[in-house]
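Okay, structure first, notes after.
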Amino acid sequence: MRRSLAGVALAVTSMVALSFLIPLALLVMSLVREQGVTEAEQRAAALAPVLALTTEPAALRESAASLDGGEHLVVHLPDAGALGRSKAPAALLERARTGRESISQEVPGGWMCLQPVVLPGDRVAVVENFVPEQELTRGVAESWAVMTFLAVGLIAGSVLVADRLGAKVVRSSKRLAQASRALGEGDLDTRVDPMGPKELREAGVAFNAMAHRMTELLAVERELVADLSHRLRTPLTALHLASERMAGTPESARVEAAVGELEAELEAIIAAARTPLAVGPMGQGLLGAEPTAGRGPSAAAGAGPRCEAAEVVRGRTAFWTVLAGHQERECSLDLTPEPTPVALSEDDVAAVADALIGNVFRHTPPGTPLGVRVVRSALAVELVVEDGGPGIPDPDRALSRGSSTGSTGLGLDIAHRAAAATGGSVRIGRSPLGGAHIAVSFALAPAPLPGRGPRTSRRRPAWPRRR
């Protein structure tokens with residue numbers, strides 16, 4: 001945009017300058033030429049009174065020298081010939097003498113002025129004044145140079161002013177674009193300083209108002225989530241009382257554990273909803289950011305969330321194994337002995353494991369076997385959940401949230417966002433058990449900075465959570 005404005009200013013100013021410069025240059029040349037011819041005619045006419053008084057060659061030469069220092073003034077006497085070096089064509093000279101008419105016209109090499117003078121005795125003398133071509137153009141080149149210099153200065157000044165104005169506009173536009181990009185990446189505190197033209201200032205004010213309103217709406221929404229979660233404590237209290245009355249029965253321990261986990265989850269939701277607004281790695285995936293772009297040097301150096309995926313999956317599988325035994329499901333677990341660091345918190349990895357294993361319990365009948373594996377390659381850690389159920393007939397549609405028949409698609413969406421946040425992916429296929437095969441790959445996390453341990457979640461409950 002800045003270059004375009006400078007180009008427009010250059011083109012417009014150049015056309016305006018040329019439209020004035022060309023006619024003005026021609027006018028200057030014409031005026032100089034007319035002035036030279038007029039002066040020549042005046043010098044020739046000034047010698048006529050001298051001829052009326054005397055025809056002495058010496059007196060005429062002295063008068064001609066006083067009128068024309070360049071010795072271009074020549075007197076043609078009827079009896080004595082020419083006094084000086086004549087350059088007039090013979091035919092033109094004869095025409096002036098016989099016709100007794102003043103002649104002023106262009107000749108090769110300059111301009112010729114012939115002025116006839118009638119002497120006593122009806123004799124005719126002719127005064128010749130020749131003006132060389134360089135005399136007719138004296139000062140024209142200097143005048144053109146001055147005009148050209150002024151035109152170039154005008155063009156350069158207009159381009160400079162346009163460039164400065166364009167720079168101001170471009171600077172305002174870039175700041176607004178950077179702020180919009182930062183807001184899109186989750187920096188809810190970003191604002192712009194309105195500057196530049198009126199339209200861009202209004203756009204900056206509108207952007208700040210939008211960002212402020214967005215922050216307010218998100219804060220209200222999070223507080224509403226916290227309040228709704230808090231209202232679930234009343235039925236939880238009733239469940240606690242019911243489990244206490246069931247003390248001594250085989251089901252009491254499992255009910256009490258489930259109630260304790262649900263209460264811990266509510267506490268975690270309330271705490272998370274009331275923390276300052278921020279967007280973590282999975283939030284970046286939700287917002288549509290590139291998996292690894294824009295995470296900054298700290299994330300690249302291992303300063304972000306970090307956990308051992310295999311250990312988290314081990315804990316989650318241990319929880320689901322109890323329910324699998326109750327439903328007579330065969331549940332296998334195969335974990336790689338190698339380190340499995342991923343750039344996600346324990347809560348995020350646990351959410352993925354819960355979503356995938358929970359889908360098996362939700363969409364397959366009791367007794368259906370399932371298997372959980374964590375394998376590591378050179379660049380990634382892969383979590384695989386398989387089952388012996390009917391499988392997923394349309395894998396592509398299943399990855400779209402809310403598009404699956406009889407399902408919201410939320411579980412697979414959680415897995416997809418978590419994988420995308422690390423640069424991984426989700427694949428759906430057919431497992432050796434006969435049902436669905438879901439593989440979620442996470443890119444390996446970089447090594448942590450010296451002196452900085454991996455960050456883990458502060459809100460993990462004593463019992464692993466169930467999503």
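Predicted model only: the values in this text are computed from it and were never measured.
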Original post:
Within 45° of the ring axis of F361 and under 6.0 Å from its six-membered ring centre, is that where the NZ or CZ of R329 lies?
Top reply: yes

Considering all heavy atoms of both residues, which atom of [X] and which atom of [Y] are nearest to each other, and what is their separation?
X: A343; Y: A445; answer: N-CB, 3.5 Å
X: I392; Y: A436; answer: CG1-CB, 4.0 Å
X: A324; Y: C331; answer: CB-CB, 4.1 Å
X: G389; Y: D387; answer: N-OD1, 2.8 Å
X: V352; Y: L383; answer: CG1-CD2, 4.1 Å
X: A439; Y: V384; answer: CB-CG2, 4.0 Å

Original post:
Between N129 and W111, do the side chains contain an N or O donor and an N or O acceptor separated by less than 3.5 Å?
Top reply: no

Original post:
Does a donor on one side chain and an acceptor on the other come within less than 3.5 Å for E41 and S104?
Top reply: yes

Taking the side chain as everything from C-beta on, heavy atoms only, tell me whether [X] gets closer than 4.5 Å to [Y].
X: L10; Y: S158; answer: no
X: R33; Y: E106; answer: yes
X: I357; Y: F319; answer: no
X: V372; Y: S332; answer: no
X: V342; Y: C307; answer: yes

Subject >> Evaluation steps, side chain to side chain contact (heavy atoms under 4.5 Å, CB included), between T13 and V16 >> reply: CA-CA 5 Å; T13 312; V16 172; 5.7 Å; no

Counting only heavy atoms from other residues, nucleotides and ligands, does the tally under 6.0 Å from [atom1] of [X] exceed 12?
X: L26; atom1: CG; result: yes
X: E338; atom1: CD; result: yes
X: E328; atom1: CD; result: no

Original post:
Can you check side chain to side chain contact (heavy atoms under 4.5 Å, CB included) on D348 and R417, steps first, answer last?
Top reply: CA-CA 10 Å; D348 292 336; R417 288 191 291 118; over 6 Å; no

Original post:
Which pairs pass salt bridge (charged side-chain N to carboxylate O under 4.0 Å, His left out) with one or both residues in residues 364-379, sequence neighbours excluded?
Top reply: R373-E386

**OP:** Assess whether side chain to side chain contact (heavy atoms under 4.5 Å, CB included) is satisfied between E382 and F442, documenting all intermediate values.
**Re:** CA-CA 6 Å; E382 189 172 69; F442 308 101; over 6 Å; no

**OP:** Carefully, step by step, assess K198 and R201 under the rule side chain to side chain contact (heavy atoms under 4.5 Å, CB included).
**Re:** CA-CA 5 Å; K198 179 182 178 182; R201 291 199 303 270; 3.8 Å; yes

Original post:
Which value, rounded to the nearest 0.5 Å, describes the distance between L412 atom CG and I428 atom CD1?
Top reply: 5.0 Å

